[in-house]
**Student:** 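Sending over a structure as C-alpha cells; questions will come in a sec.
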Amino acid sequence: MKYRIASIKGDGIGPEIVTQAQKVLNSVGEKYGHEFEFVELLMGGCSIDVNGVPLTEETIETAKSCDAVLMGSIGGDTRTSPWYKLEPSKRPEAGLLGIRKALKLFANLRPAYLYPELKEACPLKEEVAAKGFDMMMMRELTGGLYFGERYTKEIDGVMTAVDTLTYNENEIRRIAIKAFDIAMKRRKKVTLVDKANVLDSSRLWRKVTEEVAADYPEVEFLVMLVDNCAMQLVKDPAQFDVVLTENMFGDILSDEASMITGSIGMLPSASLNETKFGLYEPSGGSAPDIAGKNIANPIATILSAAMMLRYSFDLDREADAIEEAVKKVLREGYRTIDIAKSGEPQVKCDEMGDLIAARI
Ligand code: IPM
Ligand code: MG
C-alpha cells in the first residue's frame with residue numbers, strides 16, 4: 001500500500017527526531033512492501049519565519065488531504081526567542097492548538113510504559129519501579145481551558161485576566177467512549193480524573209462518563225481527584241490502566257507520567273478524530289537548549305510512528321515490528337544521553353535511528 005504522510009518537523013529538535021522516524025518508516029516500507037510518501041509542511045516558529053503566522057490554511061488543507069500527520073515539536077525559548085514578542089495568537093503554540101482544532105483531534109493518547117531495561121532511569125523508589133507500569137493517558141484535546149474565551153482587561157480599575165473552562169456533554173461522551181473502547185483491548189479499567197469536589201465541569205464529566213460506563217459492564221470504572229492522581233502516579237503507578245481526563249489536567253499529568261518512565265524522550269502520542277485520521281507526535285517539547293546537537297532521543301517520535309501504523313493504517317504487524325526493534329536496542333544497551341546512566345556509552349540521535357531501522 002501507498003500512504004501519504006504530512007510531515008511537520010517544526011522547531012528545535014523536531015527536524016532531527018522526525019528524520020529518524022521517517023528513516024524507520026522507510027525501513028518498515030522496504031520490509032513489508034509499503035510506500036510512505038512524506039509531504040513536508042511548516043508549522044510553529046519555522047512557519048512564522050516564512051509566512052508570518054504559525055499555521056497557514058495551506059498547511060491545514062494539505063494535512064487534511066494526507067492519510068495521517070507525523071509531527072516533531074514546535075516552539076522556542078519563551079524568554080529569548082523573538083516568536084514570543086508576538087501577540088499570543090501569533091506564537092508557535094497557537095499553530096499547534098489551531099491544527100488540533102482544525103483537524104478535530106479531540107482524543108489524545110499518551111501511553112506511559114516502563115521498559116524493564118530502563119528501570120534504572122526511573123526516578124521512583126526501587127520497590128515502586130520494580131512493579132513496573134503500563135498506562136494509557138487519554139487527554140481531551142480540543143476543549144476546556146485551552147479553547148474557552150479568554151481576555152485580559154481592566155475591570156473596575158483593576159487589571160483582570162479571565163480564562164474559561166467549558167465542556168458540553170457531547171465533547172465528554174465521545175472521548176469517554178474511546179477510552180472504554182481502548183480499555184476493552186487492555187486491562188479493562190478506566191480511571192476518570194477530575195476535580196468534582198470543586199468544578200461544575202468535572203461534575204458533568206462524572207455524570208456523562210458514568211452513563212458511558214454502564215454500557216461497558218466488563219470494564220472497571222473508577223474516579224479519582226486530580227490532586228490525588230498526581231500523588232498516586234509517583235506512589236503506585238501500577239494501579240492505572242486507562243486514565244481519562246480533561247485537557248488541562250491531561251497536559252500536566254501526562255508530563256508527570258512521562259517522567260516516571262525515565263525520560264520525556266520515551267513517550268509517544270496519538271491525537272485522533274472520529275475517523276481513522278490522526279496526528280502523531282512525541283509528548284515532549286522542542287528542547288531548544290539541545291537542538292541541532294544530534295543528542296535528542298528520537299524514540300518517542302519513532303514510537304509515535306508505530307502508533308500511526310496501528311491506529312490510522314491498521315498495520316499492527318508493522319507497528320509491532322517498530323516496538324520490538326526499540327525494545328531490542330534498549331536490551332542491547334544502546335542509550336541516548338537522557339536515558340544513559342553515568343558512565344554508560346551514549347549514542348547520538350541519528351545513530352539511534354539507524355540502530356532501530358536496522359532491527360526492523
Ligand atoms: C503538549 C504541550 C502543548 C499543550 C503546548 C506546547 C501548547 O505541552 O502537547 O502537551 O499544552 O498541549
Ligand atoms: Mg504538555
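In listed order, ligands and their atoms are each counted from 1.
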**Student:** Looking at Arg187 and Asp134, would you say the former's side chain and the latter's main chain have a donor-acceptor pair under 3.5 Å?
**Tutor:** yes
**Student:** Please determine if Lys328 and Glu332 form a salt bridge, counting it only when a charged side-chain N lies under 4.0 Å from a carboxylate O.
**Tutor:** yes
**Student:** Taking side chain to side chain contact (heavy atoms under 4.5 Å, CB included) as the criterion, tell me which of Arg4, Met308, Glu37 meets it with Asp67.
**Tutor:** Arg4
**Student:** Looking at Lys101 and Thr142, what are the two nearest heavy atoms and their distance?
**Tutor:** NZ-O, 2.7 Å
**Student:** Anything protein N/O/S under 2.8 Å from the Mg ion (ligand 2)? Just list residue and atom, please.
**Tutor:** Asp251 OD1
**Student:** Please indicate whether any nitrogen or oxygen in Tyr146 is less than 3.5 Å from any nitrogen or oxygen in ligand 1.
**Tutor:** yes
**Student:** To which protein heavy atom is atom 10 (O) of ligand 1 closest, and what is the distance rounded to 0.1 Å?
**Tutor:** Asp251 OD1, 2.9 Å
**Student:** My understanding is that only one of Lys131, Gln232, Lys189 makes a side chain to side chain donor-acceptor pair (under 3.5 Å) with Gln239; could you say which?
**Tutor:** Gln232
**Student:** Could you establish whether Arg139 and ligand 1 come within less than 4.0 Å of each other, counting only heavy atoms on the residue side?
**Tutor:** yes
**Student:** Please indicate whether Glu126 has more than 12 foreign heavy atoms, meaning atoms of other residues, nucleotides or ligands, lying under 6.0 Å from its CD.
**Tutor:** no
**Student:** Considering only non-hydrogen protein atoms, determine which one is nearest to atom 7 (C) of ligand 1 and report residue, atom name and distance to 0.1 Å.
**Tutor:** Glu93 CG, 3.8 Å
**Student:** Is it the side chain (CB and beyond), the backbone, both or neither of Arg100 that lies under 4.0 Å from ligand 1, heavy atoms counted?
**Tutor:** side chain
**Student:** Are any of the side-chain nitrogens in Arg173 or Glu211 under 4.0 Å away from the carboxylate oxygens of its partner?
**Tutor:** yes
**Student:** How far is atom 1 (C) of ligand 1 from its nearest protein heavy atom, and which residue and atom name does that atom have?
**Tutor:** Arg110 NH2, 3.4 Å
**Student:** Could you tell me if the ring centre of Phe240 sits under 6.0 Å from that of Phe133?
**Tutor:** no
**Student:** Identify the residue among Leu141, Asn108, Leu165 that makes a side chain to side chain contact (heavy atoms under 4.5 Å, CB included) with Asn247.
**Tutor:** Leu141
